[in-house]
Amino acid sequence: MKKLIDYCRKNHRDVDELLFVKWDRFSRNTAESYNKINLFQGLGINVNAITQPLDMSIPEQGILLAVYLSAPEVENLRRSQNVIAGTRRAMKEGRYVSSPPKGYSMGRDASKKPVLVPNEDADYIRDAFELMPQGFITLKKYLASSKRKVLNPALLHFQE
């Protein structure tokens with residue numbers, strides 16, 4: 001869009017009309033759409049959609065323009081709310097919906113829904129959560145020990 005606007009500003013005498021397939025391809029933000037239309041009209045360039053043409057010389061066509069410009073924005077907002085609701089519902093059902101945390105892998109339950117499954121690192125993560133808050137081991141020493149896949153009892157001491 002930036003390149004198009006720059007081109008139209010530099011060559012506005014050579015551009016009569018800006019055509020696109022549908023109004024939702026022009027923009028999905030109502031306020032920004034009106035701003036861009038005003039900008040192009042200020043340069044003497046008519047803006048219109050091929051499959052949803054409007055005659056801007058007819059005042060009532062402004063109502064259709066408002067519908068065409070606002071519908072895509074509303075659709076995006078609805079889609080966003082549906083994704084958020086679906087994510088919350090999945091989390092309430094105990095399903096994990098993003099990348100698994102360290103110590104877990106993505107798996108499937110009996111109904112083929114995604115769930116977290118402990119992997120080979122799970123024991124080390126569990127140990128870290130139990131030992132570090134108690135002050136038995138520092139994070140640095142724990143990580144050095146867990147990389148060897150053996151928790152060295154000699155490293156279990158109080159932090160200084």
Side-chain angles (χ1 to χ4, degrees), residues 1-133 138-140 142-143 146-147:
M1 183 61 91
K2 289 179 183 179
K3 288 181 181 179
L4 176 65
I5 292 170
D6 287 343
Y7 179 85
C8 288
R9 281 186 172 143
K10 292 175 185 170
N11 302 288
H12 65 93
R13 288 181 183 89
D14 299 327
V15 180
D16 296 322
E17 198 153 0
L18 175 61
L19 294 174
F20 40 89
V21 177
K22 290 175 64 175
W23 285 101
D24 66 351
R25 305 317 317 151
F26 182 68
S27 176
R28 291 185 164 268
N29 179 307
T30 308
E32 193 60 32
S33 296
Y34 279 114
N35 288 337
K36 295 292 185 250
I37 290 168
N38 288 335
L39 180 133
F40 288 119
Q41 286 177 340
L43 295 171
I45 300 170
N46 294 322
V47 179
N48 219 328
I50 295 168
T51 60
Q52 300 165 322
L54 297 174
D55 183 353
M56 298 301 191
S57 66
I58 301 171
E60 291 78 16
Q61 295 281 296
I63 295 170
L64 278 176
L65 178 62
V67 171
Y68 287 150
L69 294 179
S70 60
E73 184 173 5
V74 170
E75 180 184 346
N76 278 356
L77 293 171
R78 171 56 50 210
R79 186 176 293 126
S80 174
Q81 286 182 349
N82 289 345
V83 168
I84 291 168
T87 301
R88 286 184 180 154
R89 184 174 49 256
M91 292 174 79
K92 283 182 179 180
E93 292 172 0
R95 292 185 283 128
Y96 205 78
V97 294
S98 62
S99 299
K102 182 81 172 150
Y104 293 89
S105 300
M106 293 302 291
R108 299 276 175 179
D109 64 10
S111 63
K112 302 294 183 197
K113 291 185 178 179
V115 294
L116 289 179
V117 178
N119 64 23
E120 65 275 357
D121 293 331
D123 290 337
Y124 303 109
I125 302 302
R126 193 176 307 109
D127 288 346
F129 273 97
E130 290 173 1
L131 297 173
M132 285 191 298
T138 64
L139 176 61
K140 184 176 180 179
Y142 180 81
L143 290 174
S146 66
K147 285 179 185 171

Shortest non-hydrogen separation from [X] to [Y] and the atoms involved:
{"X": "V47", "Y": "M56", "value": "O-CE, 4.4 Å"}
{"X": "G62", "Y": "Y34", "value": "O-OH, 4.4 Å"}
{"X": "P59", "Y": "S57", "value": "CD-O, 3.5 Å"}
{"X": "L39", "Y": "R9", "value": "CD1-NH2, 3.1 Å"}
{"X": "K36", "Y": "F26", "value": "CB-CZ, 3.6 Å"}

For the residue pair [X] and [Y], establish whether any side-chain heavy-atom pair is separated by less than 4.5 Å.
{"X": "F40", "Y": "I5", "result": "yes"}
{"X": "T30", "Y": "Y68", "result": "no"}
{"X": "V115", "Y": "R108", "result": "no"}
{"X": "R78", "Y": "Q81", "result": "yes"}
{"X": "P101", "Y": "L116", "result": "yes"}

| said: When you measure from the side chain of N48 to the backbone of L54, do you find a donor-acceptor pair of N or O atoms at a distance under 3.5 Å? | reply: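 Indeed, once roles are kept as given, a pair shorter than 3.5 Å links the two residues.
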| request: Kindly say whether N76 contributes a backbone atom to a donor-acceptor pair with the side chain of S80 at under 3.5 angstrom? | output: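 Here the side-chain-to-backbone pair does not exist.
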Tell me whether the count of non-hydrogen atoms from other residues, nucleotides or ligands lying under 6.0 Å of [atom1] in [X] goes above 12.
{"X": "M106", "atom1": "CE", "value": "yes"}
{"X": "I58", "atom1": "CD1", "value": "yes"}
{"X": "Y104", "atom1": "OH", "value": "no"}

Rounded at 0.5 Å granularity, tell me how far [atom1] in [X] sits from [atom2] in [Y].
{"X": "I45", "Y": "I37", "atom1": "CD1", "atom2": "CD1", "answer": "13.0 Å"}
{"X": "N46", "Y": "D55", "atom1": "CG", "atom2": "CG", "answer": "9.5 Å"}
{"X": "L18", "Y": "Y7", "atom1": "CG", "atom2": "OH", "answer": "11.5 Å"}

| Do E32 and S27 have a side chain donor and acceptor closer than 3.5 Å? |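 The answer is no; no qualifying pair exists.
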| task | For L43 and V15, run side chain to side chain contact (heavy atoms under 4.5 Å, CB included): C-alpha distance rounded to whole Å, both residues' side-chain angles, the deciding distance at 0.1 Å, then the answer. | result | CA-CA 9 Å; L43 295 171; V15 180; over 6 Å; no
| field | Salt bridge present between D24 and R28 (N-O < 4.0 angstrom) | value |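 Salt bridge between D24 and R28, a charged N being under 4.0 Å from a carboxylate O: yes.
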